[in-house]
Number of protein chains: 2
Amino acid sequence: MLGRPREFDENGAREVAMQLFWAKGYEATSLSNLLAAMGISKSSFYQTFESKHTLFEQCLNQYRDIIVSTMSKGLANAPTSMAFIRHALVDIANDTNDPLGRRGCLIMNTASEFSQRDSSIARCVEAGIQATRDIFLQAVNAAQADGDISSNTRADILADYIVTVVSGLKNQVKAGASRKQIINIAELSVSTLQEMA
Amino acid sequence: MLGRPREFDENGAREVAMQLFWAKGYEATSLSNLLAAMGISKSSFYQTFESKHTLFEQCLNQYRDIIVSTMSKGLANAPTSMAFIRHALVDIANDTNDPLGRRGCLIMNTASEFSQRDSSIARCVEAGIQATRDIFLQAVNAAQADGDISSNTRADILADYIVTVVSGLKNQVKAGASRKQIINIAELSVSTLQEMA
DNA sequence: GTAATATAGGACCAATTAGTCCAATTTACA
DNA sequence: TGTAAATTGGACTAATTGGTCCTATATTAC
């Protein structure tokens, strides 16, 4: 290891960038926004992260890793798998309070903004959705084994359904829905899962 | 009415702009994109539509009017209200085929892109969601009267739930879900509506 | 000391952005 | 024929965009 060592924390700077992209989207986050928030010079930026686009892909993957890790721990620590699923849906209501919550989900935001126009971004998006879907799939399988969800419907379809409702709820939050509305919708979809024939 | 009459069709030009905004979003649609697609000069554009932002608001309202009208007719012509609801969900699977379908919903796309940062746009978004929610509310009330949906759950919550699932499904389509996946999820949520206790 | 690397800062770039303004022209109606 | 209004096209702004390059300086290992 020769030469002067890096002064800033690369991962920390990426984390800051991720928060910005999350709140504002890719296009609306300018290079100057990034530099100011990350606290580094343009030279350091390009030397370390290559380009805005490259950094964004890294942020997407970092985001995916974070939510996968958070969800996995949540599932492992939940009293039952059904409780985990219920919490994943109902807890979205808490996003209605602060502006941070109203950011939605970085992966879904990205899908909405421009995954159609950029195949490498599209791959990141698909990988992210796949990863969360897999965790819900584990939860559904376990909940079916517990008898909390009927086994009449295929677990993979139920997992897709949960991802869909989560994404729809996050959309509603971004669009301005109230806390009470989100709770009602979430509770309704939980009960449909439980009361399925 | 004095002076030279307008050569282009104002509503037609707005319609073209709406299609562009729908496919690409607000920021990604540049003025030159608009002028080229609308087939008018920059001078005519600013004389007629005031600004890109004003035109966008008009497009949002026009979009809302179109879907409200389409949905109202669909509800009126459907064999049953339940059939209308079912069709609204399952038909989203057809969006997976063509690139046009993968545009999602202009209102939800706008909510995702920047409704938080622009209060006048936020009002358009809320009005749009409210309008579609109201139609689903009518449909749910009718379906409950028909006995196709249980009356145990409040109709307004069910309407919110349907809007959520529709928005989630459109998200999934944008993110790359397959036709079969969408059908399965849609059918599942329809059956949960029907089989509710 | 020297090589290697990181730093900040600024000059510079070509392109694009939304938007204004003007001049010349065209069309209609009274 | 005169007036009002719409047309095109181009000149023009001021700002911003992502990105490159260069210089000068600082820090480390060998």
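Each chain gets a letter, A, B and so on, in the order the sequences are listed, and its residues count up from 1. The model shown is predicted, which means the values in this text are computed figures rather than measured ones.
- The base of C:dG10 lies outside donor-acceptor range of the side chain of A:Lys42, with no N or O pair under 3.5 Å.
- The two residues A:Asn171 and B:Ser167 have their closest heavy-atom pair at ND2-OG, 2.9 Å.
- Between A:Phe56 atom CZ and D:dG18 atom C1' there is a gap of 16 Å when expressed in whole angstrom units.
- At a cut-off of 3.5 angstrom, counting only N and O atoms as typed in the model, there is no donor on one side facing an acceptor on the other between the side-chain of B:Arg4 and the base of D:dA5.
- A:Ser41 comes within 4.0 angstrom of a nucleotide base, judged by non-hydrogen atoms across all strands.
- Of all heavy-atom pairs spanning B:Ala93 and B:Ile183, the tightest one is CB-CG1, 3.4 Å.
- Comparing A:Leu31 and B:Arg6, the nucleotide of DNA chain D nearest to each residue sits closer to the 5' end for B:Arg6.
- With sequence neighbours excluded, the residues that form a side-chain hydrogen bond (donor to acceptor under 3.5 Å, both in side chains) with A:Glu10 are A:Arg6, A:Arg14.
- When the P atom of D:dG18 is taken as reference, atom OH of A:Tyr46 falls 7 Å away, rounded to whole Å.
- For residues 94-112 of chain B, the salt bridge (Lys or Arg N to Asp or Glu O under 4.0 Å) pairs, not counting sequence neighbours, are B:Asp95-B:Lys170.
- Between A:Ser32 and D:dT16, a side-chain N or O to OP1/OP2 separation shorter than 4.0 Å is absent.
- With hydrogens and angles ignored, a donor-acceptor pair under 3.5 angstrom links the side chain of B:Ser43 to the base of D:dG9.
- Here the C1' atom of nucleotide D:dT20 and the CD atom of A:Gln47 are 13 Å apart, to the nearest Å.
- If you measure from atom NZ of B:Lys52 to atom C1' of C:dG19, you get 12 Å, rounded to the nearest angstrom.
- Nucleotides of DNA chain D nearest to B:Thr48 and A:Glu7 differ in position, and the one nearer the 5' end is that of B:Thr48.
- Atom P of nucleotide C:dG9 and atom CG of A:Leu35 are separated by 11 Å, given to the nearest angstrom.
- A cation-pi arrangement is present between A:Lys52 and A:Tyr26 under the rule of less than 6.0 angstrom and at most 45 degrees off the ring axis.
- Atom NE2 of B:His53 and atom P of C:dG19 are 10 Å apart (whole Å).
- Atoms CZ (A:Phe45) and P (D:dT20) sit 11 Å apart, rounded to a whole Å.
- As judged by a 4.0 angstrom heavy-atom cut-off over every strand, B:Phe8 is placed among residues touching the sugar-phosphate backbone only.
- At the heavy-atom level, B:Ser30 lies under 4.0 Å from the strands shown only through sugar-phosphate atoms.
- Atom pair A:Asn33:CG and D:dT17:C1' shows a separation of 11 Å (rounding to whole Å applied).
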